[in-house]
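Below: the structure, in structure tokens.
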Amino acid sequence: MITSLAKEQNKETAVGMGQAVVVHEPARLTSILGSCVAVTLYSPKLRLGMLSHVVLPNGNGNLAAPAKFADTAVPYMLSTMQERGARRSELIAKVAGGACMFGGGRFMDIGESNARVAIALLEAARVPIVGRDIAGTVGRRICFDLSNGNLTVESPGHPSRII
Amino acid sequence: MTDVSCLETANLSLLRELFASATHDASAAMCCWTNSLITLTLDEVCEIPLQNVCADLNLGDEPLTMVVFDLDGGTSGAMVLTFTEQSARRLAGSLLEAEVGQGPGWNELERSALTETGNILGCAYVNAITRLIDHQVVPSVPHFVVDFAASVLQQALLGQVHSTDTVLIGRTRFQHKDAELDWWLLFIPTSDLRTVMERGLPKAR
């Protein structure tokens with residue numbers, strides 16, 4: 001479930017659906033998001049960061065894959081960061097993704113729900129959310145740079161932005 | 001594909017036969033539609049861990065042109081037809097007997113031509129599955145999308161990701177005469193449809 005070190009060769013690790021990765025600088029974590037949401041936690045003091053690629057808002061008690069569900073991903077991330085020596089008071093969070101892609105159908109609210117649950121839990125844990133790039137109707141390619149905590153977001157047809 | 005855990009079950013060869021038959025029907029429909037010798041061949045039937053889906057399908061991290069539709073409102077899965085922009089423009093130009101557009105963006109006629117291509121392919125594929133397993137599968141209206149394939153796949157997988165950590169995917173490749181085309185058709189049944197297909201397999205033989 002969790003990978004603690006980025007690949008030595010290029011220091012860039014792709015985080016797939018339902019995965020979480022925690023890593024020190026120098027490293028970059030990347031993901032491509034549609035309705036999924038990336039939640040990042042970062043300790044500027046330790047240059048330690050974690051990214052969870054959340055797929056669904058609620059696990060309904062499923063604890064086998066904590067990063068897959070927003071309601072389990074946030075507590076899992078907080079405990080993992082604390083185990084790695086980061087104090088909760090020094091953490092900052094960012095949230096990206098949660099698009100409503102083509103059509104939507106019966107799943108049209110999933111992206112929004114993913115973001116809403118993650119944000120609510122981060123707020124309840126009093127972790128400041130210093131960047132958000134959520135909702136919309138297109139995908140996102142993100143890159144989380146552990147050297148400075150920047151989260152670069154790119155979408156087709158839109159200029160890239162850093163949150 | 002790399003690092004893919006291909007199905008080792010007794011049903012694998014039967015599922016391959018089923019998907020190959022559907023691919024054959026889709027291939028015939030494609031030949032009629034394009035009035036040329038474009039053929040489809042079943043490439044892979046694999047079960048892939050959820051976190052590896054995008055990497056193992058090797059769809060890249062650049063935006064692709066896609067036609068997407070769900071099956072039975074998403075409860076049975078989804079199909080995704082992918083093209084690189086260049087190949088999509090070439091196909092649209094050929095279908096419309098027009099100069100290949102240079103973009104940016106797509107005009108209504110080009111969108112319509114590509115969407116209809118997906119519709120014809122998908123309906124032929126799904127109709128064959130329906131006939132062979134004696135269980136009706138209904139595709140949705142197709143959606144034309146230019147986006148990251150991984151983003152689109154996430155939406156396509158939503159109907160099954162809660163209950164499973166692996167995904168069954170049938171991937172079909174395309175050829176024009178002897179040349180490989182950079183198009184792919186992904187058939188992504190849910191576990192419910194997979195069960196129905198496996199039950200219906202004896203009828204398919």
Side-chain angles (χ1 to χ4, degrees), chain A residues 1-3 12-21 30-38 52-62 64-65 67-69 96-111 113-114 136-143 153-158, chain B residues 3 48-78 80 85 103-106 115 118 139-167 190:
Chain A
M1 173 54 57
I2 190 163
T3 306
E12 187 166 301
T13 301
V15 184
M17 295 172 72
Q19 281 189 311
V21 175
T30 63
S31 268
I32 296 182
L33 308 167
S35 56
C36 293
V37 161
S52 285
H53 187 147
V54 172
V55 183
L56 293 170
N58 298 297
N60 299 323
N62 182 347
K68 186 173 168 182
F69 306 104
C100 178
M101 306 292 291
F102 57 93
R106 71 191 180 106
F107 304 116
M108 65 185 301
D109 296 333
I110 292 285
S113 297
N114 283 337
T137 57
V138 292
R140 293 170 170 86
R141 181 170 57 196
I142 63 162
C143 181
V153 183
E154 298 172 281
S155 295
H158 296 79
Chain B
D3 194 26
I48 305 175
L50 189 60
Q51 68 267 22
N52 295 345
V53 166
C54 300
D56 285 349
L57 289 174
N58 199 23
L59 294 169
D61 58 1
E62 294 299 322
L64 296 178
T65 304
M66 290 167 277
V67 181
V68 187
F69 41 90
D70 59 42
L71 307 173
D72 298 330
T75 58
S76 292
V80 183
E85 180 176 347
W106 297 85
T115 304
S140 69
V141 172
H143 300 280
F144 177 89
V145 184
V146 179
D147 211 321
F148 301 117
S151 304
V152 168
L153 278 175
Q154 284 167 23
Q155 185 89 20
L157 292 170
L158 282 180
Q160 55 183 312
V161 287
H162 199 284
S163 56
T164 182
D165 290 320
T166 60
V167 182
T190 58

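This structure is a prediction, so every number in the text was calculated from the model and none was measured. Just so we're on the same page: letters track the sequence lines, and every chain starts at 1. Basis for what follows: all heavy atoms, side chains included, without hydrogens, waters or symmetry-related copies.
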- Item | Among B:Val152, B:Val141, B:Val145, residue most engaged with chain A (heavy-atom pairs, under 4.5 Å) | B:Val152

- Query: Heavy-atom distance under 4.5 Å to chain A: side chain of B:Val68, backbone, both or neither?
  - Reply: side chain

- Message: For B:His162, give me all partners under ring pair (Phe, Tyr, Trp, His ring centres under 6.0 Å), at least two apart in sequence or on another chain.
- Response: A:Phe69

- Options A:Gly59, A:Gly97, A:Pro156, A:Gly16, ranked by heavy-atom pairs under 4.5 Å with chain B, top entry: A:Pro156

- Under 4.5 Å to a heavy atom of chain A? For B:Leu153 that would be neither

- Query: Is the side chain of A:Arg141 donor-acceptor paired with the backbone N or O of B:Asp61 at a distance under 3.5 Å, no angle test?
  - Reply: yes

- Under 3.5 Å, is there a donor-acceptor pair between the side chain of B:Gln154 and the main chain of A:Cys36? yes

- Item | Nearest atoms (heavy-atom pairs only) where A:Val138 meets B:Asp147 | CA-OD2, 3.3 Å

- Note on the structure: Nearest heavy-atom contact between A:Ala99 and B:Gln155 is O-OE1, 4.5 Å

- Query: Which heavy-atom pair separates A:Lys68 from B:Thr164 by the least distance, and what is that distance?
  - Reply: NZ-O, 3.0 Å

- If you count heavy-atom pairs under 4.5 Å with chain B, which of A:Leu33, A:Asn60, A:Val55 comes out on top? A:Leu33

- Query: Atom CG in A:Asn62, atom CG in B:Asp165: separation rounded to 0.5 Å?
  - Reply: 7.5 Å

- What pairs with B:Thr115 under side-chain hydrogen bond (donor to acceptor under 3.5 Å, both in side chains), at least two apart in sequence or on another chain? none

- Message: Using every non-hydrogen atom in the two residues, find where B:Gly60 and A:Ile32 come nearest and quote the distance to one decimal.
- Response: O-CD1, 4.4 Å

- Portion of A:Ser31 that has a non-hydrogen atom of chain B nearer than 4.5 angstrom: neither

- Where B:Ser151 and A:Gly139 come nearest, the two heavy atoms and their spacing: OG-CA, 3.4 Å

